[in-house]
Each structure stands twice: as C-alpha cells, then as structure tokens.
Chemist: 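Quick one: this structure, given as structure tokens, is what I'll be asking you about.
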2 protein chains.
Amino acid sequence: MSRTALKRRSDLEERATLFAALGDETRLGIVGKLSGGAPQSIARLAEGSALTRQAVTKHLRVLEGAGVVHSVKSGRENLFAFRPQPLKDLRAYLDQVSNQWDDALMRLKDFVEK
Amino acid sequence: MSRTALKRRSDLEERATLFAALGDETRLGIVGKLSGGAPQSIARLAEGSALTRQAVTKHLRVLEGAGVVHSVKSGRENLFAFRPQPLKDLRAYLDQVSNQWDDALMRLKDFVEK
DNA sequence: ATAGAAAGCAACCTCCTGGTTGCTTTTATG
DNA sequence: CATAAAAGCAACCAGGAGGTTGCTTTCTAT
C-alpha cells in the first residue's frame, strides 16, 4: 500500500537501481553527509567536493531516483535530505541472501559431514 | 589482519565497488542462484539467461572483483561459488548509516520537539 | 587419437555515465 | 530596483559498461 506511483518496477529492478545508486564513491560520500545530520543545499554539498555544482546535482538526482534521498525546495534553495527506508529494505535483502546461504550450507553438511 | 593483498583500496572505494557490482539485474540474479546452493560452471549459469556465455563470464569477473564470488577450476570447468563475507560487511555498513541517522534524529528532537 | 564440451582471448560496437561549460530563471537582500 | 546567490536547463564530450562474434586452447571421454 505504500508503493508510490504508476511506474511499476520489479523488485529485482528496484534493488539493482538502489545498489547502482550506491555504487559510486561520490554518491556514498553524499549519503554519508546527509545521513549524519540535517538536509543540505546543493551548493553546500558541492562545496568540499572538487566537483561542479552540476555534477553534484546529477548525483543527487540519481540518489533521489533510488529513493535514498528526497528534496524539498525552500526559497531559492533546494534542500536534500536522507531517507532511511530504502537502506532498511536493502538490509532485509542482504539478510535474506545470507540466510539462504546458511540453509544451503546446512543441507550440504548433512551429506558431506566434513 | 585478514586483508588479502597488495592492492590497497580505501574502504570507500571498496564499498563503492561492491555496491556497483550488485547494481545490475543480471548480476543480482547470479548472486541469487549461487547463494542458494552449490557452485556452478559458467555454461551452467549462462543456460537460462538469454545472454552469451561471454557476457556471463564478464559479470562473474565483476562479482569476483568485488569478492562476492570466487572461482575454482575443476578440470575443464570453472566453478563459481558464493562468498558471504562481503555482504556481511555491507550489512554492517548499512547498520552504521542507519544508526548515524537515528542519532541525528534524536539530537534534532531535543530542539524541535515536534 | 580424435571429437566435442567448457572456457579463454581479443576485437569490436553501442549506449549510458560522469563530467564539463555556458546561459537562463528564480528569489533574496542592500 | 539592482545585484548576487542558488539552482535549472541544454548541449556536449570522453571513457567505460555491457554486449556481441569469431577463433583458440584445454580438457575429457570414446
């Protein structure tokens, strides 16, 4: 019931998008900054980063597309804030894979008993 | 003490590589298969997938580069198996980010008390 | 010894990504 | 109101990612 909109992406697709969004050093850096505090403007985020403001903007759009971040316009500024839910989902997925693996090991152990 | 080799990648770098490796539907599919059972040959993995054997090979190399998978040659076959550790590390990272965020929220709440 | 399966190697192609520059629009503020 | 900060828009570019084809090499089994 929480699914946002018309664009129905499969779970696999969505998960891949999310992983891909995090698969970039610059973006991981941004996530780090935003997850550790208050929303920040684009200019603010670009400040340290050796990149252009526009480059940072693009990265933010990618993160936004994956749901890791959301933007709120405030006057002439555009503030970006962290959104924890997707990472929680990701954690759940990782757990699932881990469990699947552990189960497989168990089943093998029954045979081999190494 | 567990760090493997000469190629010293920063944590950030390594994490980004890992996320990037998982940021592809095909690769996620492979991980799914391998995490759920026994090692499989390249040909085997390519079987269902509409992709060429070579394409699959490339994906496997990417996963291997991120440590999610490792290969063992067995005769003329090259078997790829799942390696759980990197995903465990990833999980730890996600927890860290989540905690950071929760802490930040707490600190804000002290002020705003909305 | 030879045929066939499994995989490696290498060249090639297309399209997306990450980045840039330059200009315009919006919104504060002296 | 004029100026400057913040951001948007659009075009462009180089390089890497994902994929293919074609050929060679390495094993195994008959």
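These numbers come from the heavy atoms of this one structure, side chains and all, not from hydrogens, waters or symmetry mates.
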Chemist: What closest approach, in Å, do Val69(B) and Phe80(B) show between heavy atoms, and which atom pair accounts for it?
Modeler: CG1-CD2, 3.4 Å
Chemist: Answer yes or no: is there a donor N or O on one side and an acceptor on the other, between the side chain of Ser49(B) and the main chain of Leu51(B), under 3.5 Å?
Modeler: yes
Chemist: Does Val62(A) share a hydrophobic cluster with Leu28(A), counting links as ILVMFWY side-chain heavy atoms below 4.5 Å and allowing steps through other members?
Modeler: no
Chemist: Once you round to the nearest 0.5 Å, how far does CG of Leu94(B) lie from CZ of Phe19(B)?
Modeler: 5.0 Å
Chemist: Using nucleotides 7-14 of chain D, report all nitrogen or oxygen pairs with the protein that are shorter than 3.5 Å.
Modeler:
| from | atom 1 | to | atom 2 | distance (Å) |
| --- | --- | --- | --- | --- |
| dA7(D) | OP1 | Ile42(A) | N | 3.3 |
| dA7(D) | OP1 | Asn78(A) | N | 3.0 |
| dA7(D) | OP2 | Ala43(A) | N | 2.6 |
| dA7(D) | N7 | Arg53(A) | NH1 | 3.2 |
| dA7(D) | N7 | Arg53(A) | NH2 | 3.1 |
| dG8(D) | OP1 | Arg61(A) | NH2 | 3.0 |
| dG8(D) | OP1 | Asn78(A) | ND2 | 2.6 |
| dG8(D) | N7 | Arg53(A) | NH1 | 3.2 |
| dG8(D) | O6 | Arg53(A) | NH2 | 3.1 |

Chemist: Ignoring hydrogens and geometry, is there a side-chain-to-backbone donor-acceptor pair from Ser10(B) to Glu13(B) under 3.5 Å?
Modeler: yes
Chemist: Check the distance between dA6(D)'s C1' and Glu47(A)'s CD and give it to me in whole angstrom.
Modeler: 12 Å
Chemist: Among residues 24-39 of chain A, which ones have heavy-atom contacts with DNA chain C below 4.0 Å?
Modeler: Asp24(A), Arg27(A)
Chemist: Check step by step if salt bridge (charged side-chain N to carboxylate O under 4.0 Å, His left out) holds for Arg61(A) and Glu64(A).
Modeler: CA-CA 5 Å; Arg61(A) 295 299 170 208; Glu64(A) 192 177 33; 3.1 Å; yes
Chemist: Please report the C-alpha distance between Arg27(A) and His59(A) in whole Å, then the side-chain angles of each, then the deciding distance to 0.1 Å, and finally whether the side chain to side chain donor-acceptor pair (under 3.5 Å) criterion is met.
Modeler: CA-CA 6 Å; Arg27(A) 248 125 56 193; His59(A) 284 298; 3.2 Å; yes
Chemist: Do any side-chain nitrogens or oxygens of His59(A) fall under 4.0 Å of OP1 or OP2 in dG19(C)?
Modeler: yes
Chemist: OP1 or OP2 of dT20(D) less than 4.0 angstrom from a side-chain nitrogen or oxygen of Thr52(B), does that happen here?
Modeler: yes
Chemist: Within this structure, what is the CG-to-C1' distance between Leu45(A) and dA6(D), rounded to whole angstrom?
Modeler: 13 Å
Chemist: Looking at Thr52(A) and Ala55(A), would you say the former's side chain and the latter's main chain have a donor-acceptor pair under 3.5 Å?
Modeler: no
